[in-house]
Each structure stands twice: as structure tokens, then as C-alpha cells.
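Heads up: the structure comes next, in C-alpha cells.
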Number of protein chains: 2
Amino acid sequence: MARLPVYLRALNALADAGTATCSSEHLASVAGVNSAKLRKDLSHLGSYGTRGVGYDVEYLRYQIAREIGVTQDWPVVIVGIGNLGQALASFSGFRSRGFRVVALLDADPDRHDQVVAGVEVRPFDDLEGVVRDQGVAIGVIATPAVAAQDVADRMVGCGITSILNFAPAVLAVPEGVDVRKVDLSIELQILAYHQQRKAGVDATTPVPTRKVGSA
Amino acid sequence: MARLPVYLRALNALADAGTATCSSEHLASVAGVNSAKLRKDLSHLGSYGTRGVGYDVEYLRYQIAREIGVTQDWPVVIVGIGNLGQALASFSGFRSRGFRVVALLDADPDRHDQVVAGVEVRPFDDLEGVVRDQGVAIGVIATPAVAAQDVADRMVGCGITSILNFAPAVLAVPEGVDVRKVDLSIELQILAYHQQRKAGVDATTPVPTRKVGSA
DNA sequence: TAGATTGTTAATCGATTAACAATC
DNA sequence: TAGATTGTTAATCGATTAACAATC
């Protein structure tokens, strides 16, 4: 369930604020969801609340972390150490949320031996060795679009079955491999779409002539 | 409709490949969706296809770009020019997809006068002036979580009504303001969740004692 | 017991998709 | 005309949410 990480973050916030117990209503408002939906989601995990009382923040937090699988650290490899790759490698949030960046790989020799966030940048061809030695199951692609499919193929080839793709390209992967995509342009375009509707903009640029049916 | 940008990207790919006409089946496979869904989505925009023939790639591309609102450039301001902010500022995809980064703002004086991707980093207090002068409607937040709400408040205060938030924080904004959130940790956690299920991992770490009901 | 809140049921809503009549 | 493919209908599916019985 894609909302579990959101609940986990909300529970972390409550725990940081020193809250020991919370109702579904309270947690739902922190997480920004409907309380009935929250209760239904949680009921899929088991019966971790107490009727008339609510949820123990620490206990529920652990149960959700266990359900997601972030009670242990997941080794992660990042491929493509350009601006975005470097930013990802430097992102401290990964470490505290159950992930450990074990290798940074890049096809460009000029980037090798560079150190980003304390990790050395290595040749892309080290992929298979790193994945084997470190037991990597999750790969992050931060390369240009043209390279993304090749990187994905190599990742799949050496046993990675979960890929987070930042390259603006649709990846073809075999059954059983999960790909999640973060596409910055698409996020902005969705905002632009809504923004245009708010502003009541009407486009007055010339329309290209229709070609189907003619010629 | 959140899928329009995906179709637009698919159409761009087809146009680059020199395809002049495509069927809903073809376009759907490039975009990675069901063809019936694609036709239904497109039918909301109008009747831009030709029965028995298909869609004119260039014509449909323009129509979708117009619908989204990216036939003109949208001025965008990025706040928080750390690693991620710099990566976003340097991302060439924005320019080609209808967005123009008009200002980079950061509260840290040490970052001022630094130039990232040809744009000078300016004080955060320049926000109101930039938004007014450049007609900015879309703001990007790439600050640490603690600063995000303040930045959002200031943005809303000077008329920005679309926000793309990279900070791992839930933003409270007034009705009418759109916030989209990109959360790197949550994306990875969703992958971890599925990965755990594939691997059949059973967590054997000790469970904290339940506190509700006792004490 | 009385009040509070969960876990679950059932109703509602919207999204997906198969199928096909319209039509190029 | 015959083949192809759209635009749309109607059926299916799943997700959301209000309501409430269970129960602490």
C-alpha cells in the first residue's frame, strides 16, 4: 500500500513531538488523509489499535516500518552521478529512512575517483560486482534518458528487481521487476495544467494545420 | 488529467522518430497505457482523431500541449539551492518542456552571487520582487523540511498558486493553491515494500512492547 | 456504566476496460 | 465496398467514505 510510508512519516513526526498515543482522527489529520481510510489501511496490517483509546505511536510506527520493510537497511546503488545523481547521493534522508547508498557508478571515466558524500564514484562496469558483493536489490537511475534502458537492462541482468527511475524515459522491464518513476517535467506540467485553468488563459498561438486525411 | 504529459512525451518520441500518424494502439503502447483508456482520455479534449486512420502526431501533440498549457513558457522560481536545488536548476528538461527558471533563491548569504546554470543565486527576500516582475505562478521548494512551510507561506503570500515541493514535509496551504510533492524516501520505501514481499523476508528483529492499555 | 474510538460493513463514487456502433 | 480505427457506451472493478456495531 503506497500510503504506508506517509503514515510512517506522520508517526515519526508525532513521536518527535513527544506524542505517545493518537487517535485515527489525529494521525489522519497529520498525514493529510481521511480517518476512515486510515483505519481501513491499518486494519489490513492487523489490529494494532485499542478501541476507545487509539494507537500507541511507537508500537504502530514499528509495525508499519516492519510491514514496509525498513526495519533493516536496504543497500542501494545509484547509476549516473551528474547533478541529480550527486544530489541523491548527498541526500541524508535515505540513510535515516532505511536505505544505504553502497555505490555510485558512472560510465564517464572523468567522474571516476571523484568522491560524493563520502562515496567514491566507480565505473559502471563495476555494477555486477557491487550488486553481488553487497546484495543490492534496489537500483536508482539518474542518467540521461538515452542511457536509461541500457542501465535498466544491466541492472535486471544482475538480479536487481526494484528500480527508481529519474530519467525521462519509459523503461521496458521483465515481469516481476518493479519500476517507479520520478519525472520532474511531468510534475511541473501537471501544475501548469491546473494553473492554466485557474488563470483562465486562452492560448492564442497559431494552430498547426491538420495533416491526417489530407495529403 | 495527470496522464496528458505522459501522452505528450510519447508523441514527442514518435515525432522524433519521424512517425506522422499513429493509432491509439500504437500511441498507447509507447505511453505504456491501455488503448481504451487513451482514447477515452483524448475524447475529453475533443475529437482529434480520424476513424479508420488514427491520429496525426504533430496535430495531436499541439492540441495536448495547448490543453496542458505548455505552448508558452512558464516562469518558475526555485527556492533552496543546495544539492537538489542546483540539480533542478541545471536540469535542461525544464526549458524544452515549457518552463523557464527565472530565479534561484536561498536564505543562506554564503550561496548568494554563486551562479548555477547561468542564473545567479539571490537572497530569499527577493521572492516578492521576482514574482511580481516576472509574473511567476509556479514555485519549486528544495529547502530542508523545517524551512518548507515558511517558504510556502511566503510564496502563497505573493500570489504563487502552484507549488512543487521536494522537502519531506506536509505543507498546509489555502484553498486554491495546488501542491505536488516529490518525496524520494517515500518512493524508495514503496519499492522496499514490494521488494520485501518478493524476497519473502520475515523480520526477526525484536518487537517493542505494546504500551497502550498498560502503564 | 458512559464515553470514546476502533475495525468493519455497506453504500457510494470514480476509474478502468471490453465491446461495438459510427465512420473514415 | 471492405478494412481499420475512433469515440462512446455499458459493464466491471477497485477505491473511498459514511455509518455503526464491537469493545476498550
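Letters A, B, ... mirror the listed sequences (proteins, then strands); counts begin at 1.
- Mapping B/Ser43 and A/Met1 onto DNA chain D via the closest heavy atom, the residue that lands nearer the 5' end is B/Ser43.
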Given pairs defined as Watson-Crick or G-U wobble with both distances under 3.5 Å, what dot-bracket annotation applies to DNA chain C, with ( ) intrastrand, [ ] crossing, | other strand and . unpaired? ..||||||||||||||||||||||

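- The stretch residues 73-94 of chain A participates, sequence neighbours left out, in these salt bridge (Lys or Arg N to Asp or Glu O under 4.0 Å) pairs: A/Asp73-A/Arg95.
- Residues of residues 28-41 of chain A that place a heavy atom closer than 4.0 Å to DNA chain C, in numerical order, are A/Arg39, A/Lys40.
- Under the side-chain hydrogen bond (donor to acceptor under 3.5 Å, both in side chains) criterion, A/Asp150 pairs with no residue at all, not counting sequence neighbours.
- At whole-Å resolution of the value, CG in A/Asp56 and P in C/dT5 are 15 Å apart.
- B/Asp133 is linked by a side-chain hydrogen bond (donor to acceptor under 3.5 Å, both in side chains) to nothing, counting only residues two or more places apart in sequence or in another chain.
- Rounded to whole Å, the distance from CG on B/Leu45 to C1' on D/dT6 is 14 Å.
- Evaluation of the side chain to side chain contact (heavy atoms under 4.5 Å, CB included) rule for A/Ser43 yields no partner, not counting sequence neighbours.
- For D/dG7, the OP1/OP2 oxygens have a side-chain nitrogen or oxygen of B/Ser47 closer than 4.0 Å.
- Scanning all heavy atoms of the two residues, the minimum distance from B/Val119 to B/Val101 falls at CG2-O, 4.2 Å.
- Atom CG of A/Leu42 and atom P of C/dT5 are 16 Å apart (whole Å).
- Applying the ring pair (Phe, Tyr, Trp, His ring centres under 6.0 Å) criterion to B/Tyr193, with sequence neighbours excluded, gives no partner residue.
- In this entry the distance linking NE2 of B/His44 with C1' of D/dT9 reads 13 Å, nearest Å.
- For A/Thr143, the side-chain hydrogen bond (donor to acceptor under 3.5 Å, both in side chains) criterion is met by no residue, not counting sequence neighbours.
- Atom-to-atom, OH of A/Tyr48 to P of C/dG7 comes out at 11 Å; the value is rounded to the nearest Å.
- Rounded to whole angstrom, the span from the CZ atom of B/Arg51 across to the P atom of C/dC20 amounts to 16 Å.
- Contact between the side-chain N/O atoms of A/Ser23 and the OP1/OP2 oxygens of C/dT5 is not found at any separation under 4.0 Å.
- Between A/Leu27 atom CG and C/dG7 atom P the separation is 12 Å, expressed in whole Å.
- Straight-line distance from the OH atom of B/Tyr55 to the P atom of D/dA4: 18 Å, rounded to whole Å.
- Under the side-chain hydrogen bond (donor to acceptor under 3.5 Å, both in side chains) criterion, B/Arg3 pairs with B/Tyr7, B/Asp41, sequence neighbours left out.
- Residue A/Ser24 places at least one side-chain N or O closer than 4.0 Å to OP1 or OP2 of C/dT6.
- A/Glu25 and A/Arg39 are not joined by a salt bridge, as no carboxylate oxygen comes within less than 4.0 angstrom of a charged side-chain nitrogen.
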